[in-house]
Amino acid sequence: MIDIKKLRDEFETTAAALARRGVALATLEKARDLDARRRSLVGETENLKAQRNAASKAIGKIAKEGGDIASAKEEMRKVGDRIAEIDRELAAVEHDLRETLLMIPNIPAPEIPTGMDSSANVVVRKVGEWKDPDFKILDHMAIGEKLGIFDFPRGVKLTGTGFPIILGQGAKLQRALIQYMLDVHCQTQGYTEMLPPFVVNSDSMTGTGQLPKFAEDLYHCQIDDFWLIPTAEVPVTNYFRDDMLQAKDLPIKLTAYTPCFRREAGSAGKMTRGMLRVHQFDKVEMVNFVHPDTSFQQLEILVKEAEAVLTGLGLHFRVLQLCSGDMGFSAAKCYDLELWAPGEQQWLEVSSCSCFTDYQARRLNCRFKDSDGKTKLVHTLNGSGVALPRLMVALLEQHQNADGSVTIPEVLRPYMNGQEKLLPKA
RNA sequence: GGAAGGUUGGCGGAGUGGUUGAACGCGGCGGUCUUGAAAACCGUUGACUCGAAAGGGUCCGGGGGUUCGAAUCCCUCACCUUCCGCCA
């Protein structure tokens with residue numbers, strides 16, 4: 001949620017900044033007007049309450065002295081009725097205002113490029129290198145077939161399309177990758193591991209911004225009003241919802257492995273081949289709670305932390321800075337990491353690292369006591385570190401050999417009983 | 001699932017209808033002392049919100065109710081603890 005004071009005091013500049021993300025002026029004007037109405041009602045009801053409080057105090061005194069309080073009580077009852085009336089209207093206005101504010105995305109950082117879609121994103125750097133080998137490159141589906149590590153048809157039988165089954169040495173590789181990534185984050189980057197619930201309530205989904213706007217992308221358990229998490233960001237970030245942190249504890253860096261569940265309602269037919277876009281996948285996520293003065297610096301660090309995973313695996317990738325229109329709803333600034341998939345001949349997004357400034361924290365009501373004694377909102381960041389299916393795709397395709405085997409990166413071998421290659425089935 | 005008790009500020013913990021926004025302790029902040037630190041002592045210290053300010057309002061797990069007036073009484077929901085039942 002953006003700061004309503006920004007709309008109050010700096011309407012023009014805020015509107016201009018949000019226009020870069022395609023926010024309609026009318027929405028902002030509605031919020032501004034509701035805010036004005038709200039403040040006027042607050043003034044009215046508070047005056048009456050002050051009056052009532054004073055009168056009640058006096059009534060108490062008179063009653064103690066045995067005086068007559070009947071008429072005063074009657075008068076205050078009327079005041080009470082009026083207060084209730086105003087408060088009802090106030091509650092309605094506040095509800096509308098909140099709903100409106102929840103539909104407004106974060107204000108983009110000034111330095112990010114303007115654009116409505118991915119075509120305006122900027123390649124910041126490429127890391128590692130890729131040279132096509134002198135044998136015919138296979139895509140991950142063909143490699144998976146040779147290795148016998150995927151079963152898509154039976155995934156459809158069990159659940160439906162988009163729920164692949166990973167088998168044997170593939171499953172083992174997946175498990176090794178998860179453990180490797182968590183160890184990188186926890187042992188060398190100062191993270192604390194968390195194993196959170198994979199199902200959360202509506203308050204949590206609202207805290208991180210999935211609700212109310214993106215309900216159709218989520219799986220919902222109606223009976224309990226629970227939601228399957230689309231990313232570990234949801235439970236991990238909500239860990240500190242309605243919390244008061246201390247300045248000396250910041251930054252707090254948490255990482256979690258979880259499965260992620262996404263309906264991908266708007267993406268039917270797009271890039272649905274194999275493992276490229278699925279409804280359930282595994283991911284390791286990093287979440288930072290930081291001091292507001294350091295958040296954009298921390299974002300640069302966070303990107304490097306995600307990159308370290310890919311570099312360690314010897315993979316070629318690029319770093320994109322997203323333009324205003326391509327960023328997630330809550331982000332002020334965002335980098336994507338994309339792995340090269342030679343078999344697909346395309347770049348695959350495996351990580352998105354975002355700085356949310358105070359946008360999430362305001363929704364979450366996550367504050368901290370600064371060293372100057374003031375209470376402030378923390379800034380939150382998160383980044384994938386990283387998503388597994390596409391990592392698996394790129395790894396298979398980049399590390400494939402002429403004989404159909406796939407070389408296992410050295411850093412993973414300790415997690416795979418020393419195994420050096422994935423071997424084709426006999 | 002059944003029964004009983006509980007939920008108060010950053011933390012612990014008083015408080016059962018009228019100067020209680022809340023005693024007391026811890027922690028935090030400022031100071032005295034000290035070469036420095038610790039200890040001790042003194043002072044200070046809730047959040048949110050309206051207001052230019054003065055000042056006002058709201059908040060004692062969530063929601064609703066009674067009352068002129070509720071942390072205090074009633075209803076309801078959630079959570080925690082203990083006991084019983086069931087179960088991986």
Side-chain angles (χ1 to χ4, degrees), chain A residues 1-10 31-98 100-101 195-207 211 221 223-227 235 238-252 289 291-292 358-378:
Chain A
M1 199 149 59
I2 64 165
D3 188 355
I4 186 67
K5 289 196 196 86
K6 285 220 183 235
L7 284 185
R8 237 166 20 217
D9 305 335
E10 308 158 38
R32 184 189 57 184
D33 295 347
L34 283 168
D35 175 55
R37 178 69 184 141
R38 179 186 147 264
R39 284 186 299 151
S40 140
L41 288 170
V42 163
E44 250 184 275
T45 182
E46 288 187 354
N47 280 336
L48 290 174
K49 281 174 183 168
Q51 195 182 322
R52 181 176 68 181
N53 287 346
S56 291
K57 211 170 263 185
I59 289 172
K61 200 173 277 177
I62 294 168
K64 215 171 255 177
E65 293 161 357
D68 179 27
I69 54 174
S71 68
K73 280 172 72 166
E74 180 52 29
E75 194 177 328
M76 279 310 108
R77 179 172 300 131
K78 280 181 194 154
V79 171
D81 289 347
R82 176 73 186 132
I83 289 172
E85 204 175 298
I86 299 172
D87 279 351
R88 258 195 303 279
E89 188 182 347
L90 180 59
V93 168
E94 281 181 338
H95 178 263
D96 286 354
L97 176 59
R98 184 177 162 75
T100 307
L101 285 175
L195 187 57
F198 302 158
V199 173
V200 300
N201 58 32
S202 295
D203 284 344
S204 295
M205 283 297 183
T206 306
L211 292 178
C221 309
I223 293 179
D224 301 296
D225 195 22
F226 288 159
W227 305 79
N238 275 281
Y239 184 71
F240 287 120
R241 172 150 50 87
D242 293 321
D243 226 309
M244 181 76 84
L245 306 172
Q246 299 297 326
K248 65 172 169 13
D249 297 328
L250 302 178
I252 296 172
F289 299 83
H291 192 284
D358 60 10
Y359 186 90
Q360 270 188 338
R362 186 169 293 107
R363 282 185 163 196
L364 290 166
N365 191 223
C366 175
R367 300 161 300 164
F368 75 104
K369 190 77 92 175
D370 205 351
S371 46
D372 60 10
K374 292 207 175 107
T375 303
K376 301 172 184 171
L377 291 165
V378 301

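Order of the sequence lines fixes the chain letters, A, B, ..., with proteins taken first and strands second; residue numbering starts at 1 for each chain.
Across all strands shown, B:rC87 remains unpaired; no Watson-Crick or G-U wobble contact has both distances below 3.5 Å. As the counterpart of B:rC41, B:rG31 is assigned, both hydrogen-bonding distances of the Watson-Crick or G-U wobble pattern falling under 3.5 Å. Pair assignment for B:rG5 gives B:rC80, based on Watson-Crick or G-U wobble hydrogen-bonding distances that are each under 3.5 Å. Judged by Watson-Crick or G-U wobble contacts below 3.5 Å, the nucleotide B:rC73 has B:rG65 as its partner. Partner assigned to B:rG10 is B:rC26, using Watson-Crick or G-U wobble distances below 3.5 angstrom. Pair check for B:rG46 finds B:rC59; Watson-Crick or G-U wobble, both atom distances under 3.5 Å.
In this structure, A:Lys376 atom NZ and B:rG46 atom C1' are separated by 18 Å, rounded to whole Å. For the pair A:Lys374 NZ and B:rU45 P, the interatomic distance rounds to 16 Å; values are reported in whole Å. Atom P of nucleotide B:rC29 and atom NZ of A:Lys248 are separated by 9 Å, given to the nearest angstrom. Per the geometry, CG belonging to A:Asp370 stands 14 Å off C1' belonging to B:rG10, to the nearest Å. Distance A:Ile59 CD1 to B:rC68 C1': 4 Å, rounded to the nearest Å. Here the P atom of nucleotide B:rU58 and the CD atom of A:Glu44 are 16 Å apart, to the nearest Å. Rounded to a whole Å, the CD1 atom of A:Ile83 is 12 Å from the C1' atom of B:rU58. Counting to the nearest Å, the C1' atom of B:rU49 and the CG atom of A:Asn365 are 13 Å from each other.
By the 4.0 Å N-to-carboxylate-O rule, A:Asp33 lies too far from A:Arg37 to be salt-bridged with it. With salt bridges taken as basic N to acidic carboxylate O contacts below 4.0 Å, none links A:Glu46 and A:Lys49. Using a cutoff of 4.0 Å between basic side-chain nitrogens and carboxylate oxygens, A:Asp9 and A:Lys5 are not scored as salt-bridged. A salt bridge does not link A:Lys78 to A:Glu75: none of the charged side-chain nitrogens sits closer than 4.0 Å to a carboxylate oxygen. A:Asp96 has no carboxylate O lying under 4.0 Å from a charged side-chain N of A:Arg38, or vice versa, which leaves the two without a salt bridge.
Among B:rA47, B:rG57, B:rC68, the nucleotide with an atom closest to any side-chain atom of A:Glu46 is B:rG57. Relative to the side chain of A:Lys49, the nucleotides B:rC50, B:rG57, B:rC68 differ in distance, and B:rG57 lies closest. When each of B:rA47, B:rG18, B:rC50 is scored by its nearest atom to the side-chain atoms of A:Arg8, the top-ranked nucleotide is B:rC50. Closest approach to the A:Arg77 side chain among B:rG10, B:rU67, B:rG56 is made by B:rU67 (side chain taken as heavy atoms from C-beta onward). Distance from the side chain of A:Ala50 is smallest to B:rG56 among B:rG10, B:rG56, B:rC68. Counting only heavy atoms from C-beta on, A:Arg39 has its side chain closest to B:rC50 among B:rC68, B:rA47, B:rC50. Closest to the A:Val42 side chain, of the nucleotides B:rC68, B:rC50, B:rA47, is B:rC50.
Side-chain atoms of A:Asp203 and A:Thr206 include no donor-acceptor pair closer than 3.5 Å.
Within the 4.0 Å cut-off from OP1 or OP2 of B:rC50, at least one side-chain nitrogen or oxygen of A:Arg38 is found. When the side-chain nitrogen and oxygen atoms of A:Ser56 are compared with OP1 and OP2 of B:rG18, none of them lie within a distance under 4.0 Å. Listed pair A:Asn53 / B:rG69 fails the phosphate criterion, with no side-chain N or O lying under 4.0 Å from OP1 or OP2. Contact check, A:Arg52 against B:rC68: no side-chain N or O comes under 4.0 Å of OP1 or OP2. At the phosphate of B:rA47, OP1 or OP2 sits under 4.0 Å from a side-chain N or O atom of A:Lys369.
A gap of 11 Å separates the P atoms of B:rG25 and B:rC41, to the nearest Å. If you take atom P in B:rU7 and the same atom in B:rG56, they sit 31 Å apart, rounded to whole Å. For the C1' atoms, the distance linking B:rC86 with B:rG1 amounts to 8 Å, nearest Å.
The minimum heavy-atom distance linking A:Pro196 with A:Pro235 is given by the pair CB-CB, 3.6 Å.
Contacts of A:Ala55 with the nucleic acid, taken as non-hydrogen atoms under 4.0 Å apart, are absent.
Between A:Asn47 and A:Thr375, it is A:Thr375 whose nearest contact on RNA chain B lies nearer the 5' terminus.
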